[in-house]
Protein chains: 2
Amino acid sequence: MALKAEDMGSLSFMVRRTWLSMRSAISVELKEYGLTSPQYATLLIVAGNPGCSNSDIARKVASTRQAANEMLTALEGRGLLTRAPNPADRRTQQLHITDAGSAVLAGAHAAVQRREAELETGFTDEERAVVRRWCETIGDKCEPGEGGWPGLGV
Amino acid sequence: MALKAEDMGSLSFMVRRTWLSMRSAISVELKEYGLTSPQYATLLIVAGNPGCSNSDIARKVASTRQAANEMLTALEGRGLLTRAPNPADRRTQQLHITDAGSAVLAGAHAAVQRREAELETGFTDEERAVVRRWCETIGDKCEPGEGGWPGLGV
DNA sequence: ATCCTATTGACAGGTTCCTGACAATCTGGC
DNA sequence: GCCAGATTGTCAGGAACCTGTCAATAGGAT
């Protein structure tokens with residue numbers, strides 16, 4: 001089935017709108033945990049990658065070191081994660097989630113998983129796989145320079 | 001093929017990263033037109049919907065009236081679009097793209113279409129259709145209240 | 001040992017989003 | 001005609017992104 005011209009208004013427009021919609025919907029779920037979508041995602045990454053750095057976070061979400069820094073500063077300020085100097089590299093800080101952070105994340109994660117599962121009902125495993133491959137591939141191609149990402153997973 | 005648990009870190013995380021990546025890549029293309037991705041998308045909507053309102057823009061991109069207002073204020077300030085009172089509804093303003101806006105948009109659109117076509121190489125028409133339907137459906141389900149969007153197209 | 005390039009985290013200022021609130025207006029029900 | 005609820009655009013303040021810049025550090029080449 002060929003796509004109509006007007007369906008191709010803009011790919012990035014389509015993705016942006018999907019993101020803004022999901023962010024709003026997920027924010028409703030996260031509100032009771034005092035988190036926003038980006039904060040939740042950041043805690044998820046740190047929990048899954050103990051010892052990772054500010055730059056690692058920025059790379060994983062395809063944002064800037066500055067944006068990651070601000071996010072981490074706020075989460076550290078709330079006691080949800082800690083930053084410690086990396087003895088092996090004095091430029092770098094190592095991130096670890098705190099007990100408080102883990103507790104918040106556990107509840108938030110369940111809520112987000114439930115809501116996202118709802119959103120994706122009606123799609124087959126194959127369709128879901130196509131979407132994931134599309135997102136990963138497109139994201140890779142957007143990266144400046146060679147090679148891919150450190151993986152789609154958090 | 002069943003998806004692995006770790007592939008399901010978070011759907012919204014995946015979409016967010018795709019958006020941030022595309023935004024960055026498209027910004028490179030738009031730079032010479034003095035536009036950002038959101039500005040480009042807004043001009044595209046106004047060009048395709050002469051007379052639409054601030055709230056129409058907000059709905060079409062799934063953002064807030066305030067966000068749309070700020071975007072439009074900036075574009076109006078640069079002479080790329082105009083706002084005029086709507087004689088049929090004194091609450092509402094009608095948006096129209098200017099000649100300067102159309103000129104900028106024409107060049108920008110060609111550049112974005114080219115780059116987005118590059119990004120999507122390697123995907124079949126069917127796969128592209130799956131992604132579009134996924135985005136539209138997910139976005140619809142995120143909307144509070146009943147019914148769908150005013151359409152995916154701009 | 002020196003030097004160059006790259007990387008890191010942070011600062012400053014700007015853009016793009018948000019929530020909450022408000023006044024003006026519209027619309028439908030009574 | 002009146003009124004209640006909804007809609008619109010805007011204000012104010014905050015969160016999440018960005019670019020450009022800088023100092024400190026790492027690592028490889030010489």
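Here the structure is a predicted model, which means the values were calculated and not measured. Quick note: numbers below take in every heavy atom, side chains included, and nothing from hydrogens, waters or symmetry partners. Per chain, numbering begins at 1; letters A, B, ... match sequence-line order.
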Inset, instruction - For D:dC17, take OP1 and OP2 only and decide whether either is under 4.0 Å from a side-chain N or O of B:R16. - result: yes
Inset, instruction - Starting at atom CG of A:L43, determine the distance to atom C1' of D:dA16, rounded to an integer number of angstrom. - result: 15 Å
Legend entry - Sugar-phosphate only, base, or nothing, as touched by A:S63 at under 4.0 Å among non-hydrogen atoms: sugar-phosphate
Legend entry - CG-NE2 distance between A:N49 and A:H96, expressed to the nearest 0.5 angstrom: 11.0 Å
Legend entry - B:L95 CG - D:dT8 C1' separation (whole Å): 12 Å
Legend entry - Polar side chain donor-acceptor pair, B:S53 to B:S55, under 3.5 angstrom: no
Inset, instruction - Measure the angle between the two terminal helix axes of the helix from C:dA1-D:dT30 to C:dC30-D:dG1, five base pairs each, and quote it to 10°. - result: 30°
Legend entry - Any donor-acceptor N/O pair, B:K141 side chain to A:T121 backbone, under 3.5 Å: yes
Inset, instruction - Indicate for each nucleotide in nucleotides 5-14 of chain C, in 5' to 3' sequence, whether protein heavy atoms under 4.0 Å reach the base (B), only the sugar-phosphate (S), or nothing (-). - result: -BBBBBBB--
Legend entry - side-chain contact (heavy atoms from CB on, under 4.5 Å) partner of B:F13, chosen from A:V112, A:L44, A:V61: A:V61
Inset, instruction - Indicate whether any N or O donor in one side chain lies under 3.5 Å from an N or O acceptor in the other, for B:T73 and B:R83. - result: yes
Legend entry - A:Q66 side, atom CD; A:N54 side, atom CG - distance, nearest 0.5 Å: 8.5 Å
Inset, instruction - Send over the distance from B:L35 CG to C:dT15 P, rounded to a whole Å. - result: 13 Å
Legend entry - Residue whose closest nucleotide on DNA chain D lies nearer the 5' end, A:A88 versus A:A67: A:A67
Inset, instruction - Verify whether one side chain among A:T82 and A:E76 offers a donor that lies under 3.5 Å from an acceptor in the other. - result: no
Legend entry - Out of C:dT16, D:dA16, D:dT25, whichever nucleotide has its closest atom nearest the side chain of A:R90: D:dT25
Legend entry - Length of the CD-C1' vector between A:Q39 and D:dA16, whole Å: 9 Å
Inset, instruction - Write down the distance between CZ (B:F13) and P (D:dA16), rounded to a whole number of angstrom. - result: 16 Å
Legend entry - Atom-to-atom span, CG of B:L30 to C1' of C:dT15 - whole angstrom: 15 Å
Inset, instruction - Using atom OH of B:Y40 as one end and atom P of C:dT15 as the other, report the distance to the nearest whole Å. - result: 21 Å
Inset, instruction - Check every atom of C:dT15, C:dC17, D:dA15 against the side chain of B:T36 and return the nucleotide holding the closest atom. - result: C:dT15
Inset, instruction - Start with the C-alpha distance between A:M22 and B:R16, add both sets of side-chain angles, then the distance that settles side-chain contact (heavy atoms from CB on, under 4.5 Å), and finish with yes or no. - result: CA-CA 9 Å; A:M22 293 185 81; B:R16 170 176 170 235; over 6 Å; no
Inset, instruction - Could you state the atom-to-atom distance from CE of B:M71 to C1' of D:dG9 in whole Å? - result: 16 Å
Legend entry - Backbone of B:P85 reached by a side-chain donor or acceptor of B:R90 within 3.5 Å: no
